[in-house]
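Worksheet: the structure to be examined is printed underneath.
For the numbers below, each heavy atom of this structure counts, side chains included, while hydrogens, waters and symmetry mates do not. Predicted, not measured: the structure shown is a model, and the values here were computed from it.
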Amino acid sequence: MKSSSLSNAQKTELTFGINAYLRPLELSKYQAWGTLVLELALYTPGTFPSDPDIGCGLNYHLFRDIDYMNNTFAEKLKSQVVKYLEDIPLNSVKFTAYEGDISEYAGIYFMLITFNDSSNLVTVVTALKEDGNNRIDYSQFFQIVNL
């Protein structure tokens with residue numbers, strides 16, 4: 001079956017993870033879309049010599065200026081999604097810092113990726129934390145929120 005004949009709900013993205021049946025972990029629809037957008041954000045420009053413009057270098061920007069992230073970086077990421085992931089209905093990207101009282105969550109940022117799927121806005125949330133060496137400890141827990 002040609003991939004172009006698959007609906008967005010049928011498309012899956014393989015990960016390096018393993019499922020409970022010791023098979024490659026497959027993500028579908030919103031989790032797959034969120035993973036692809038996050039990967040595009042994490043790639044450093046120049047990662048792929050064949051197209052050195054791919055990537056936004058999230059780890060170089062995330063912990064510096066939240067206004068920059070929500071404006072300049074988010075716009076760059078959206079333009080890359082349009083160019084490289086044209087079948088993903090990205091609506092918006094927003095970053096927010098954890099502002100609660102639990103000290104173990106200090107320094108965590110949330111990346112909210114919103115998709116416009118058949119007139120429904122669906123947000124995928126992932127957590128990102130700096131590891132102290134200007135790198136992201138990216139613990140991929142996705143939570144899907146219907147808006």
Could you grab the distance from atom [atom1] of [X] to atom [atom2] of [Y], nearest 0.5 Å is fine?
| X | Y | atom1 | atom2 | answer |
| --- | --- | --- | --- | --- |
| T114 | N120 | OG1 | CG | 12.5 Å |
| N91 | I113 | CG | CD1 | 12.0 Å |
| D65 | F73 | CG | CZ | 13.0 Å |
| L58 | Y43 | CG | OH | 13.0 Å |
| C56 | M69 | SG | CE | 8.5 Å |
| I88 | D117 | CD1 | CG | 11.5 Å |

query: Do the side chains of F48 and V81 join up, straight or via other hydrophobic residues, at under 4.5 Å, putting them in one cluster?
result: yes
message: Would you say I66 ends up clustered with Y68 if hydrophobic residues are merged whenever their side chains have heavy atoms under 4.5 Å apart, either directly or through other cluster members?
response: yes
message: Has Q80 got a side-chain atom pairing as donor or acceptor with G55's backbone, closer than 3.5 angstrom?
response: yes
- request: Indicate yes or no for a side-chain donor-acceptor contact from N70 to the backbone of K94 under 3.5 Å, with no hydrogens or angles considered.
  value: no
query: Which class fits the ring pair F110 and Y98: parallel under 30°, tilted 30 to 60°, perpendicular over 60°?
result: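 Answer is perpendicular, since the angle exceeds 60°.
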task: Any chance you could lay out the side-chain contact (heavy atoms from CB on, under 4.5 Å) test for E39 and L36, step after step, and finish with the verdict?
output: CA-CA 5 Å; E39 286 176 1; L36 289 170; 4.1 Å; yes
query: What are the two closest heavy atoms between L42 and N59, and how far apart are they?
result: O-OD1, 4.2 Å
- request: Heavy atoms only: give me the nearest K83-E86 pair and the separation to one decimal.
  value: O-OE1, 3.5 Å
task: Would you please test F115 and L90 for side-chain contact (heavy atoms from CB on, under 4.5 Å) and show each step?
output: CA-CA 5 Å; F115 303 104; L90 182 67; 4.2 Å; yes
message: What verdict does the side-chain contact (heavy atoms from CB on, under 4.5 Å) test give for T72 and K76, after you've listed the backbone C-alpha separation in whole Å, the side-chain angles of each residue and the deciding distance to 0.1 Å?
response: CA-CA 6 Å; T72 307; K76 180 178 182 181; 5.8 Å; no
- request: Evaluate the side-chain proximity of L77 to L40: yes if any heavy-atom separation is below 4.5 Å, no if none is.
  value: yes
- request: List the steps and the verdict of side-chain contact (heavy atoms from CB on, under 4.5 Å) for V93 and M111.
  value: CA-CA 7 Å; V93 175; M111 182 176 178; 4.0 Å; yes
K78 atom NZ, neighbour heavy-atom count above 12 within 6.0 Å: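 More than 12 within 6.0 Å, yes.
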